[in-house]
Amino acid sequence: MNNEHFTDHPAVSSLREGRSRAAVDYRYLRMAHIWAENSYCKRRQVGALVVKNKMIISDGYNGTPSGFENVCEDEAGVTKSYVLHAEANAITKLARSGNNSEGSTLYVTASPCIECAKLIIQAGISRVVYAEKYRLTDGIDLLKRAGIEVEYRSLDEADCLSSDVASEGR
């Protein structure tokens with residue numbers, strides 16, 4: 001059997017493209033996870049990357065506003081009200097940079113809350129990929145209502161995918 005005809009088949013090409021897109025998604029999610037390590041928050045560290053045309057155009061992690069002490073929780077362990085979410089930090093950083101986020105993808109380690117979802121919509125971000133589900137889904141629901149493509153990709157599944165991709169290359 002001639003393998004050229006099989007590999008040129010649209011179904012195979014679509015499968016490969018889907019795997020390739022997933023591989024890219026996992027790569028950026030892993031980078032967002034590493035970026036989250038910059039956060040001084042003790043309860044939860046979250047990272048975000050905004051990607052457009054295969055370029056990271058902004059990044060963010062949860063933390064206090066510029067000029068504030070890098071302490072996210074009070075003595076009781078409760079997050080201070082003025083702590084910014086990773087998505088908000090990435091989007092406001094974009095605004096200051098002059099980059100255009102229209103049609104970009106946001107990679108974030110945790111699903112966006114309702115307030116961040118509003119910012120994502122207003123920033124013109126067209127796709128959101130997140131790695132951890134949060135108990136409240138109102139942010140995700142709002143993004144979907146706005147027509148934004150939303151995908152959950154568990155970082156645990158990334159290990160399986162990377163070994164699949166590696167074995168394909170042999």
Ring pair (Phe, Tyr, Trp, His ring centres under 6.0 Å) partners for Phe68, two or more places apart: Tyr82

Return yes when atom NZ of Lys80 has more than 12 non-hydrogen atoms of other residues, nucleotides or ligands closer than 6.0 Å, and no otherwise. yes

Surrounding CD of Glu151 (heavy atoms of other residues, nucleotides or ligands, distance under 6.0 Å), is the total greater than 12? yes

If you define the side chain from C-beta out and look only at heavy atoms, does anything of Met31 sit under 4.5 Å from Leu49? yes

Short question: side chain of Ser58, backbone of Ala90 - any donor-acceptor pair under 3.5 Å? yes

I want to check something: taking the side chain as every heavy atom from C-beta on, are Glu87 and Val50 in contact at a cut-off of under 4.5 Å? no

Has the side chain of Lys133 got a donor or acceptor atom that lies under 3.5 Å from a matching backbone atom of Ser111? no

Main-chain N/O of Thr64 paired with Asn70 side-chain donor or acceptor, under 3.5 Å: no

Would a distance-only check, ignoring hydrogens and angles, find a side-chain to backbone donor-acceptor pair under 3.5 Å from Gln45 to Ser39? yes

Treating Ser101 as the side-chain partner and Ile125 as the backbone partner, does any N or O pair qualify as donor plus acceptor under 3.5 Å? no

Distance alone, cut at 3.5 Å: any donor-acceptor contact between the side chains of Tyr61 and Asn89? no

Does Ile114 belong to the same Ile/Leu/Val/Met/Phe/Trp/Tyr cluster as Ile91, with side-chain heavy atoms less than 4.5 Å apart forming each link? yes

Following the transitive rule for hydrophobic clusters with a side-chain heavy-atom cut-off under 4.5 Å over Ile, Leu, Val, Met, Phe, Trp and Tyr, establish whether Val46 and Tyr40 coincide in one cluster. no

Salt bridge check: are Arg127 and Asp25 linked by an N-O gap of less than 4.0 Å? yes

Could you see if Val150 belongs to whatever hydrophobic cluster contains Val129? Use Ile, Leu, Val, Met, Phe, Trp, Tyr and a side-chain cutoff under 4.5 Å. no

With a 4.5 Å cut-off on side-chain heavy-atom distances among I, L, V, M, F, W and Y, is there a chain of contacts connecting Tyr28 to Tyr130? no

So do Glu73 and Val78 actually touch side chain to side chain, heavy atoms under 4.5 Å? no

Close side-chain approach of Pro112 and Val128, heavy atoms under 4.5 Å: yes

Carboxylate-amine/guanidinium contact Arg153 Glu132, below 4.0 Å: no

Just by distance, do the side chain of Asn53 and the backbone of Met55 share a donor-acceptor pair under 3.5 Å? no

In this structure, would Leu106 and Val51 fall into the same cluster of hydrophobic residues linked by side-chain contacts under 4.5 Å? no

